[in-house]
Trainee: 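The following block contains the structure, expressed as structure tokens.
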Amino acid sequence: MRDRYDVVIVGGAVIGSAVAYYLTSNPDFDGSVLVVERDPSYAQCSTALSAAGIRTQFSNAINVEISKYGGQVIRDFADLTQVGDTRIDLNFHEGGYLFLARTPEQEAILRENHAVQLSCGADVVLWERDELAEAFPHLRVDDIRLASYGRSGEGWFDNTGLIRGFRGKARELGADYVTGEVVDIAREAGRVTGVRLAGGEEIGAGWVVNAAGPRAARVAGMAGLHIPVEPRKRTQFVFDCARSPQGSARVKGGQLPLMIDPTGVYCRPEGRYFLTGCPPAEDVAVDWDDFEPHHDIFEEVIWPALAERSEAFEAVKVVNLWAGHYAFNTLDHNMVIGPHPEVENFMFANGFSGHGLQQAPATGRGVSELIAHGGFRTLDLSPLGFERVVSGRPFLEKAVI
């Protein structure tokens, strides 16, 4: 480890490692990169504990384009990140997302979102009730007014593989990784000048990138800055059912999608089992080290909703559960990317609110462009910059799970 780096990235999970990969692979950047990660096992990082999904069904064109690019990277990942003979196949299950609308308001949102998605070239269709029943005969659909289904470009994949691939390739291309915790950030007037680790090491920095996930506000505070990001707990359940509906679909060779019920409960296949979850009724900030699952939410909310939606889910048994954290942006549930207007070399890559895994490729590419070129060269992410936080202008997204 050197005494000074051109770029110091705080956080080495999927966002930090994506930034490191895109910087070191950018032919216009020849600087040094250090990634500081407090837990190299990634056991409690948001990436490892997520549902590992990607979708193009958003209401805002920028988010659609971000996921379209993410899908392209997932498909090409083994080639992009190959190190020697090691190739990481992310095992992309392109099962699609299925949004169900029960009320006139939900139907209107699906129709509005669909127009945006089509304008971006997303492969999404709207189905009336009879078309939905034909595609997925296990579902009870009498109360459904409209469904939105992603025919391609959506599904789930190997979440930890995404970290390993970006990390391994970034290291091969010259990035240094160190296990440690940043406890202070030095600042002189309108610039940060370096970081201090818990072990006492002081490292100079030309840029500091905040990729600290749910701990983003804590890291920003070390530089005397604020970002409205806090940890929100999400519990995932894996269950078995007596009569699995997997294979009964009349699309995708029988494969079921990730279904989002009008209640907010989602469910998708997970091997021979199913993965499910939903936001808690009291969605409040939690401690950074609080990973105790919300045990009661399955019996009280999830199972009743699924049993009502499908006879196949009436007899189920939970076989595993865990809790992870959303890096929740309380302003508008969307990422914040770019420098602070008053501290020009402190870069935010935070607040993904559950979308960080699918948005990591576009985020890494965007941050590398800002550092190497001083502006975005591919997808213009400037509406997601920190300026909207300063002015209190939310960047609204209606399709939040």
Side-chain angles (χ1 to χ4, degrees), residues 1-20 23 31-47 163 167 170-171 175-231 285-291 325 327-330 335-352 356 363-364 367-368 370-371 385-386 389-390:
M1 187 172 65
R2 311 179 191 182
D3 294 332
R4 189 183 188 284
Y5 287 82
D6 293 295
V7 181
V8 173
I9 302 169
V10 185
V14 72
I15 299 299
S17 288
V19 172
L23 274 173
S32 54
V33 177
L34 174 68
V35 182
V36 183
E37 171 54 46
R38 58 190 299 275
D39 177 18
S41 75
Y42 302 111
Q44 292 184 330
C45 74
S46 297
T47 307
I163 299 178
R167 183 177 187 268
R171 293 181 69 177
D176 288 341
Y177 275 71
V178 63
T179 299
E181 183 172 5
V182 173
V183 294
D184 193 24
I185 297 175
R187 175 178 165 185
E188 295 179 6
R191 295 183 64 82
V192 291
T193 58
V195 303
R196 180 165 58 86
L197 305 188
E201 305 94 328
E202 295 187 357
I203 305 161
W207 289 85
V208 172
V209 178
N210 186 350
R215 297 172 184 260
R218 187 176 189 177
V219 171
M222 296 174 193
L225 306 173
H226 170 71
I227 185 169
V229 174
E230 59 189 31
V286 298
D287 186 86
W288 290 296
D289 297 315
D290 178 5
F291 289 92
H325 289 167
F328 195 86
N329 179 352
T330 60
M335 76 157 94
V336 178
I337 181 172
H340 191 281
E342 297 176 5
V343 186
E344 58 186 21
N345 66 334
F346 186 91
M347 182 76 68
F348 292 99
N350 307 113
F352 295 89
T363 301
V367 170
S368 79
L370 288 173
I371 291 174
F386 194 86
V389 177
V390 175

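Because the structure is a prediction, the values reported are computed rather than measured. The analysis underlying the following values was restricted to heavy atoms, covering all of them including side chains, and did not include hydrogens, waters or symmetry mates.
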Trainee: Please round to the nearest 0.5 Å and tell me the distance separating atom CD1 of Ile227 and atom OG1 of Thr330.
Mentor: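 Ile227 atom CD1 to Thr330 atom OG1 measures 9.5 Å (nearest 0.5 Å).
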
Trainee: Apply side chain to side chain contact (heavy atoms under 4.5 Å, CB included) to Val182 and Leu197, showing your working.
Mentor: CA-CA 4 Å; Val182 173; Leu197 305 188; 3.8 Å; yes

Trainee: Can you name the one residue among Val192, Val36, Val178 that meets side-chain contact (heavy atoms from CB on, under 4.5 Å) with Val8?
Mentor: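 Single side-chain contact (heavy atoms from CB on, under 4.5 Å) partner of Val8 among Val192, Val36, Val178: Val36.
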
Trainee: Can you sort out the partners of Glu342 under salt bridge (charged side-chain N to carboxylate O under 4.0 Å, His left out), two or more places apart, ordered by chain and number?
Mentor: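 Glu342 satisfies salt bridge (charged side-chain N to carboxylate O under 4.0 Å, His left out) with no other residue.
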
Trainee: So, for Ala13 and Thr47, which heavy atoms are closest and what is the spacing to 0.1 Å?
Mentor: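 In terms of heavy atoms, the two residues are closest at CB-OG1, 4.1 Å.
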
Trainee: To the closest 0.5 Å, what do you measure between CZ (Arg4) and CG (Leu34)?
Mentor: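 So the gap between those two atoms works out to 12.0 Å.
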
Trainee: To the nearest 0.5 angstrom, please state how far the CZ atom of Arg215 sits from the SG atom of Cys45.
Mentor: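 Reported to 0.5 Å precision, the distance equals 11.5 Å.
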
Trainee: So, taking the atom named CZ in Phe328 and the one named CD in Glu230, what distance separates them when rounded to the nearest 0.5 Å?
Mentor: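 Atom-to-atom, Phe328:CZ and Glu230:CD are 7.5 Å apart.
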
Trainee: Give the minimum heavy-atom separation between Gly12 and Tyr42, together with the two atoms involved.
Mentor: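 Smallest interatomic distance, heavy atoms only, reads O-OH, 2.9 Å.
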
Trainee: What are the two closest heavy atoms between Arg38 and Thr179, and how far apart are they?
Mentor: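 What the structure gives for the nearest pair is O-CG2, 4.2 Å.
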
Trainee: Does a side-chain heavy-atom distance below 4.5 Å link Asn329 with Pro228?
Mentor: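 A side-chain contact exists here, since the closest heavy-atom pair is under 4.5 Å.
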
Trainee: What is the distance from atom CG of Leu23 to atom CG of Asp6, rounded to the nearest 0.5 Å?
Mentor: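 Going from the CG atom of Leu23 to the CG atom of Asp6 covers 10.0 Å.
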
Trainee: Side-chain polar contacts of residues 203-212 - donor-acceptor pairs under 3.5 angstrom, sequence neighbours left out - could you list them?
Mentor:
| unit_1 | atom_1 | unit_2 | atom_2 | d |
| --- | --- | --- | --- | --- |
| Asn210 | OD1 | Ala212 | N | 3.2 |
| Asn210 | OD1 | Asn350 | ND2 | 3.2 |
| Asn210 | ND2 | Ala216 | O | 3.0 |

Trainee: What distance do Tyr177 atom OH and Arg171 atom CZ have between them, rounded to the nearest 0.5 Å?
Mentor: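 The distance works out to 8.0 Å.
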
Trainee: Pair Asp176, Met1 - check side chain to side chain contact (heavy atoms under 4.5 Å, CB included), show working.
Mentor: CA-CA 7 Å; Asp176 288 341; Met1 187 172 65; 5.6 Å; no

Trainee: Report the C-alpha separation of Val35 and Arg167 in whole Å, then their side-chain angles, then the decisive distance to 0.1 Å, and conclude whether the side chain to side chain contact (heavy atoms under 4.5 Å, CB included) test is met.
Mentor: CA-CA 10 Å; Val35 182; Arg167 183 177 187 268; over 6 Å; no

Trainee: Please check if the side chain of His325 supplies one atom and the backbone of Phe291 the other of a donor-acceptor pair under 3.5 Å.
Mentor: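 Not confirmed, His325 side chain does not pair with Phe291 backbone.
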
Trainee: So Phe348 and Phe386, would you call those rings parallel, tilted or perpendicular, with 30° and 60° as cut-offs?
Mentor: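 Answer is parallel, since the angle falls under 30°.
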
Trainee: Counting distance only, does the side-chain N/O of Arg196 pair as donor-acceptor with the main-chain N or O of Ala198 below 3.5 Å?
Mentor: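 It does not hold such a pair.
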
Trainee: If every non-hydrogen atom of Ile15 is compared with every non-hydrogen atom of Gly356, which pair is closest and at what distance?
Mentor: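 Taking Ile15 first and Gly356 second, the nearest heavy atoms are CD1-O, 3.7 Å.
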
Trainee: Keeping Trp288 on the side-chain end and Pro214 on the backbone end, is there a donor-acceptor pair under 3.5 Å?
Mentor: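 A pair under 3.5 Å: yes.
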
Trainee: If you count every heavy atom of other residues, nucleotides or ligands that lies below 6.0 Å from Asp3 atom CG, does the total exceed 12?
Mentor: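 No.
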
Trainee: Show the nearest heavy-atom pair for residues Met347 and Pro339, with the distance to one decimal.
Mentor: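 Closest approach of Met347 to Pro339: SD-N, 3.6 Å.
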
Trainee: If you look at every heavy atom in Gly190 and Asn345, which pair is closest and at what distance?
Mentor: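 In this case the closest contact between Gly190 and Asn345 is O-OD1, 4.3 Å.
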
